[in-house]
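The model shown is predicted, which means the values in this text are computed figures rather than measured ones.
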Amino acid sequence: MTGKSILSIGEAMVELSPSGQDGLWRLGIAGDTLNTAWYLRRLLPADWRVAYCSRVGLGEFSQKMVDFLTAEGIDAAHVTRDGQREIALYAISLRDGERSFSYWRDTSAARGLADDPAALDRALDGAGIAYLSGITLAILPPAGRARLIQALKTARQAGTQVVFDPNLRPRLWPDLATMRQQIQAAAAVSDLLLPSFDDERDHFGDADPQATVARYLACGAGQVVVKAGGDPVVYGGCQGAGLVDGLPREIPVDTTAAGDSFNAGYLAARLQGQDIPAAIRSGHELGRKVIRHRGALVPRRWPPADPRRHGKRTSPPACPWGPCGRAFAQPSPMPSAGLVAVPERTFSSIRRPVSASMLFQ
């Protein structure tokens with residue numbers, strides 16, 4: 001039986017982001033599906049369980065990631081260990097608020113997160129929502145992608161709702177044809193898709209967001225909400241169609257995790273009873289706040305404490321999947337990020353830019 005639980009599936013990495021001080025880099029833990037899980041944990045009441053499914057190594061930085069999840073109230077029981085590979089690393093470069101990334105992930109342990117079908121089934125068992133991205137698929141070998149999609153299909157038949165952000169990153173894929181085929185295969189087993197129009201236009205040739213909605217619905221998706229970076233958001237599917245405009249724009253400091261945080265804001269709002277247009281506005285507002293800060297995860301003690309998280313709410317919001325899952329501890333404030341003195345030339349010399357039935361009724 002599914003309940004108040006969200007399982008986010010993907011790769012978490014060590015993040016190096018500019019600190020604003022010459023020669024200093026801010027050390028953190030991030031990754032697209034982890035970012036969404038982190039914001040969901042902050043936005044949802046404590047009776048929601050947010051869990052992460054990944055694979056890490058046995059070293060110090062892998063343990064730091066597991067410790068980080070636990071400290072933030074994210075269940076790490078489905079983060080498995082690899083004796084040969086380690087957690088990956090990425091660095092953020094900024095130019096006028098727009099980011100580019102340099103990755104060191106070829107030997108990432110997360111590439112084996114779907115190696116064990118039984119472990120995947122255990123992780124998905126009882127999950128109300130399974131959340132993943134195109135990056136989750138891209139880092140896996142072909143057999144791993146097939147296992148994950150089949151596990152999601154099986155879980156969906158048991159009542160899990162699948163939420164998928166295509167998050168198209170061609171350099172992670174062997175070729176564009178494989179990327180397009182695998183993204184659409186995942187869309188076919190998804191209840192909700194959260195694509196970004198710029199990516200869909202560039203890599204699928206969609207003329208407008210309406211074309212993106214139509215294409216993914218034709219694949220078998222239940223509902224599609226197309227992010228547009230501040231432009232009107234188009235949505236369509238089994239819960240209705242429409243457009244939300246008049247979204248205020250923001251001058252970004254760092255656009256890292258803009259889409260990841262939108263996804264969290266949208267999902268949290270829908271799970272707490274907001275309709276689609278209101279949830280879109282909630283997602284947009286969260287994204288606006290996030291891009292005013294450096295790095296994927298905003299500083300500690302933001303957003304302000306919600307009284308519902310401190311026992312002042314007499315009853316929890318209605319659960320769309322029936323009986324509630326187990327209660328989960330309130331997350332702690334985000335730990336202070338470390339500053340690491342690393343000469344800029346160290347990274348410039350080795351940089352390799354790398355340019356998700358009815359859901360939430």
Heavy atoms only: give me the nearest [X]-[Y] pair and the separation to one decimal.
| X | Y | result |
| --- | --- | --- |
| A110 | E11 | CB-CG, 3.6 Å |
| I183 | G134 | CD1-CA, 3.8 Å |
| L297 | W38 | CD2-CE3, 3.5 Å |
| Y235 | L243 | CE2-N, 3.7 Å |
| L58 | G83 | CD1-CA, 3.8 Å |
| L34 | L69 | CD1-CD2, 3.2 Å |

Salt bridge (charged side-chain N to carboxylate O under 4.0 Å, His left out) partners of residues 138-155, not counting sequence neighbours, each pair once: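 Listed by first then second residue: D115-R147.
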Listed once per pair and sorted, the salt bridge (charged side-chain N to carboxylate O under 4.0 Å, His left out) pairs that draw on residues 50-66, sequence neighbours left out: R55-D82, E60-K64
Heavy-atom donor-acceptor pair, [X] side chain to [Y] backbone, under 3.5 Å:
| X | Y | value |
| --- | --- | --- |
| H284 | P248 | yes |
| R111 | R85 | no |
| S196 | D199 | no |
| T136 | L132 | no |
| D125 | D121 | no |
| Q272 | A268 | yes |
| K227 | V233 | no |
| S5 | G128 | yes |
| T36 | T33 | no |
| S17 | I92 | no |

Test side chain to side chain donor-acceptor pair (under 3.5 Å) applied to [X] - qualifying residues, sequence neighbours left out:
| X | answer |
| --- | --- |
| S54 | none |
| T154 | Q150 |
| D175 | T178 |

Worked verdict on D191 versus R156 for side-chain contact (heavy atoms from CB on, under 4.5 Å): CA-CA 9 Å; D191 296 277; R156 193 181 185 209; 3.2 Å; yes
Ignoring hydrogens and geometry beyond distance, is a side-chain donor-acceptor pair present between [X] and [Y] at under 3.5 Å?
| X | Y | result |
| --- | --- | --- |
| T107 | E86 | no |
| R270 | Q223 | no |
| N263 | Y39 | no |

Evaluation steps, salt bridge (charged side-chain N to carboxylate O under 4.0 Å, His left out), between R281 and D275: CA-CA 10 Å; R281 294 186 182 280; D275 62 18; over 6 Å; no
Gap between atom OG of S62 and atom CD1 of I87 - 0.5 Å precision: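 I87 atom CD1 to S62 atom OG measures 5.0 Å (nearest 0.5 Å).
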Decide, yes or no, whether a salt bridge links [X] with [Y] under the criterion of side-chain N to carboxylate O below 4.0 Å.
| X | Y | value |
| --- | --- | --- |
| E200 | R215 | yes |
| K4 | D47 | yes |
| D75 | R41 | no |
| R201 | D198 | yes |

Derivation and outcome, side chain to side chain donor-acceptor pair (under 3.5 Å), residues R26 and Q21: CA-CA 10 Å; R26 190 177 301 274; Q21 302 177 49; over 6 Å; no
With sequence neighbours excluded, residues passing ring-ring contact (aromatic ring centres under 6.0 Å, His included) with Y90: F101, Y103
